[in-house]
Peer 1: 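Structure incoming, see below.
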Number of protein chains: 2
Amino acid sequence: MPRPRSFDEADVVARAREAFAETGFAGTSLDTLLEATGLARQSLYNAFGGKKELFMRAFLSDTAEAVEAVEFIRHGSDSPIGRIRAQLVKMAVAHGSAAAPASLFTKAAVELSARDPEVAATVAAAFEAIRAHYAACIVEAQEAGEIETSADADSLGAYFCALIEGMGTLGGAGVPRATLLDIGFTSLAAVPITELGRAHLGTDDGDWS
Amino acid sequence: MPRPRSFDEADVVARAREAFAETGFAGTSLDTLLEATGLARQSLYNAFGGKKELFMRAFLSDTAEAVEAVEFIRHGSDSPIGRIRAQLVKMAVAHGSAAAPASLFTKAAVELSARDPEVAATVAAAFEAIRAHYAACIVEAQEAGEIETSADADSLGAYFCALIEGMGTLGGAGVPRATLLDIGFTSLAAVPITELGRAHLGTDDGDWS
DNA sequence: CCTGTTGTAGACCGATCAGTCAACAACCCC
DNA sequence: GGGGTTGTTGACTGATCGGTCTACAACAGG
């Protein structure tokens, strides 16, 4: 019986995510948010509770997406090591596009994780999940004989976690796509790949002008 | 003949740097700044011009320090590859201390470089300087026979640039020192070190509890 | 000791902040 | 086609924002 909403909640969260990713939490005013989402003041309060709550919705959504983007290396038809390489390429392409601001996940982690326990906990959990995804994929590659069994999967997982975070920051600061791709390919040299693994990698880097 | 200032300008910039590093530019109010620096409203305007100008002073100061911290790998008595390793350890220790917020350089790069051209230019120049320092040190190591001559010094420079940026972000988000050290050591595996280089590296990792 | 110059102190400004309130409008069920 | 529930609208609130103005204090040269 109630009057139906004139907006799509998920769509509002997505637009809020863009706004917060552009100017951060403190730098984004409610009026900016209202303009970006198109809804009225009271509607925002009715549907979400307030600025902080809407931010958390957007932040959690972006964090989940960031983890998912890495989780994708766990599945797929090609070899585990090939999937890690493809993931690095994807990261470079995503963060290296011109005028692409840093992701809300990175932005929130830098801006708020030292002050807000909830943000800090979410960021820590996301890092751990990303690290675990990389580590599991590396173990899989070891079982497939693509990576030396002497390699420490956990260390490599944390290493890739730091690397993609750094790539995201550099990309957000304007470093071009080609440089990010170069960084990604260079980083693979830290993985002790076997002869078999090297054969599985191939050399089809695609065309990323 | 004028009345002398009751504060030290460099000291004020240093305190402002801490304040901005904690809460970012938009998140730090003028009142917070006045309390942190101890000076009166008008004194801040007389001496610096305004919030933005004081921020730039603090930001430039922190950026210079960040570049200097890497520039140190160009000099020293031990081998080039050993100096890079020592630098990574230093970064891990600095950013891995408990409750250490991300540096103002990183914070400003993430928060403002997409919006403020002056910040963006400064960040880009700093990244380029850091990359160049690493590259030059790697060339030096190649000339000393510690690194394979086939290695691409420029690529490795950009790679280390991304890596230390990622370490800084992770550290600011609460990742412990031991993990950062692990990441630093793991990253060295991407460098094709010769037998001679490996001998020069040693295994004295120190005690970083 | 007076004067000129500069620093300091606190009141003050309009603008903007996040958030609230009350009147009005739209829709579904009966 | 009412009634009741919910969404929307825009005016409004006190607090805080960055920045300015004016009165006063401190020092150096004469």
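Owing to the predicted nature of the structure, the values given are computational and were not obtained by experimental measurement. Order of the sequence lines fixes the chain letters, A, B, ..., with proteins taken first and strands second; residue numbering starts at 1 for each chain.
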Peer 1: Are any non-hydrogen side-chain atoms of A/Asp116 and A/Lys52 less than 4.5 angstrom apart?
Peer 2: yes
Peer 1: Are B/Phe105 and B/Phe127 side-chain neighbours, meaning at least one heavy-atom pair lies under 4.5 Å?
Peer 2: yes
Peer 1: With rounding to the nearest 0.5 angstrom, report the CZ to NZ distance, A/Phe20 to A/Lys107.
Peer 2: 12.0 Å
Peer 1: What is the distance from CG of B/Asp8 to C1' of C/dG7, rounded to the nearest Å?
Peer 2: 15 Å
Peer 1: A/Glu35 has an atom CD; how far is it from atom C1' of C/dT16, in whole Å?
Peer 2: 15 Å
Peer 1: Please list, pair by pair, any protein nitrogen or oxygen found under 3.5 Å from a nitrogen or oxygen in nucleotides 17-21 of chain D.
Peer 2:
{"from": "D/dC17", "atom 1": "OP1", "to": "B/Ser29", "atom 2": "OG", "distance (Å)": "3.2"}
{"from": "D/dC17", "atom 1": "OP2", "to": "B/Asp31", "atom 2": "OD2", "distance (Å)": "3.0"}
{"from": "D/dG18", "atom 1": "OP1", "to": "B/Thr28", "atom 2": "O", "distance (Å)": "3.4"}
{"from": "D/dG18", "atom 1": "OP1", "to": "B/Leu30", "atom 2": "N", "distance (Å)": "3.3"}
{"from": "D/dG18", "atom 1": "OP1", "to": "B/Lys51", "atom 2": "NZ", "distance (Å)": "2.8"}
{"from": "D/dG18", "atom 1": "OP2", "to": "B/Leu30", "atom 2": "N", "distance (Å)": "2.6"}
{"from": "D/dG18", "atom 1": "N7", "to": "B/Arg41", "atom 2": "NH2", "distance (Å)": "3.1"}
{"from": "D/dG19", "atom 1": "OP2", "to": "B/Tyr45", "atom 2": "OH", "distance (Å)": "2.9"}
{"from": "D/dG19", "atom 1": "OP2", "to": "B/Lys51", "atom 2": "N", "distance (Å)": "3.1"}
{"from": "D/dG19", "atom 1": "O5'", "to": "B/Tyr45", "atom 2": "OH", "distance (Å)": "3.1"}
{"from": "D/dG19", "atom 1": "N7", "to": "B/Arg41", "atom 2": "NE", "distance (Å)": "3.1"}
{"from": "D/dG19", "atom 1": "N7", "to": "B/Arg41", "atom 2": "NH2", "distance (Å)": "3.3"}
{"from": "D/dG19", "atom 1": "O6", "to": "B/Arg41", "atom 2": "NE", "distance (Å)": "2.4"}
{"from": "D/dG19", "atom 1": "O6", "to": "B/Arg41", "atom 2": "NH2", "distance (Å)": "3.2"}
{"from": "D/dC21", "atom 1": "N4", "to": "B/Gln42", "atom 2": "OE1", "distance (Å)": "2.3"}

Peer 1: Rounded to whole angstroms, how far apart are CG on A/Leu44 and P on D/dG10?
Peer 2: 16 Å
Peer 1: With a sphere of 6.0 Å drawn around CD of A/Glu118, does it hold more than 12 non-hydrogen atoms of other residues, nucleotides or ligands?
Peer 2: no
Peer 1: In whole Å, what is the span from the CG atom of B/Asn46 to the P atom of C/dT5?
Peer 2: 16 Å
Peer 1: Do other residues, nucleotides or ligands put more than 12 heavy atoms under 6.0 Å from the CD atom of B/Glu53?
Peer 2: yes
Peer 1: Rounding to an integer number of Å, can you tell me how far B/Phe48 CZ sits from C/dT8 P?
Peer 2: 11 Å
Peer 1: Could you tell me how far apart B/Glu9 (CD) and C/dG7 (C1') are, to the nearest whole angstrom?
Peer 2: 13 Å
Peer 1: Calculate the interatomic distance between B/Leu34 atom CG and D/dT16 atom P; express it in whole Å.
Peer 2: 15 Å
Peer 1: Can you find a side chain N or O atom of A/Ser43 that sits less than 4.0 Å from OP1 or OP2 on D/dG7?
Peer 2: no
Peer 1: I need the CG-C1' distance between A/Leu33 and C/dG19, as an integer number of Å.
Peer 2: 13 Å
Peer 1: Please tell me whether B/Thr63 and B/Thr122 have a donor and an acceptor in their side chains that are separated by less than 3.5 angstrom.
Peer 2: no
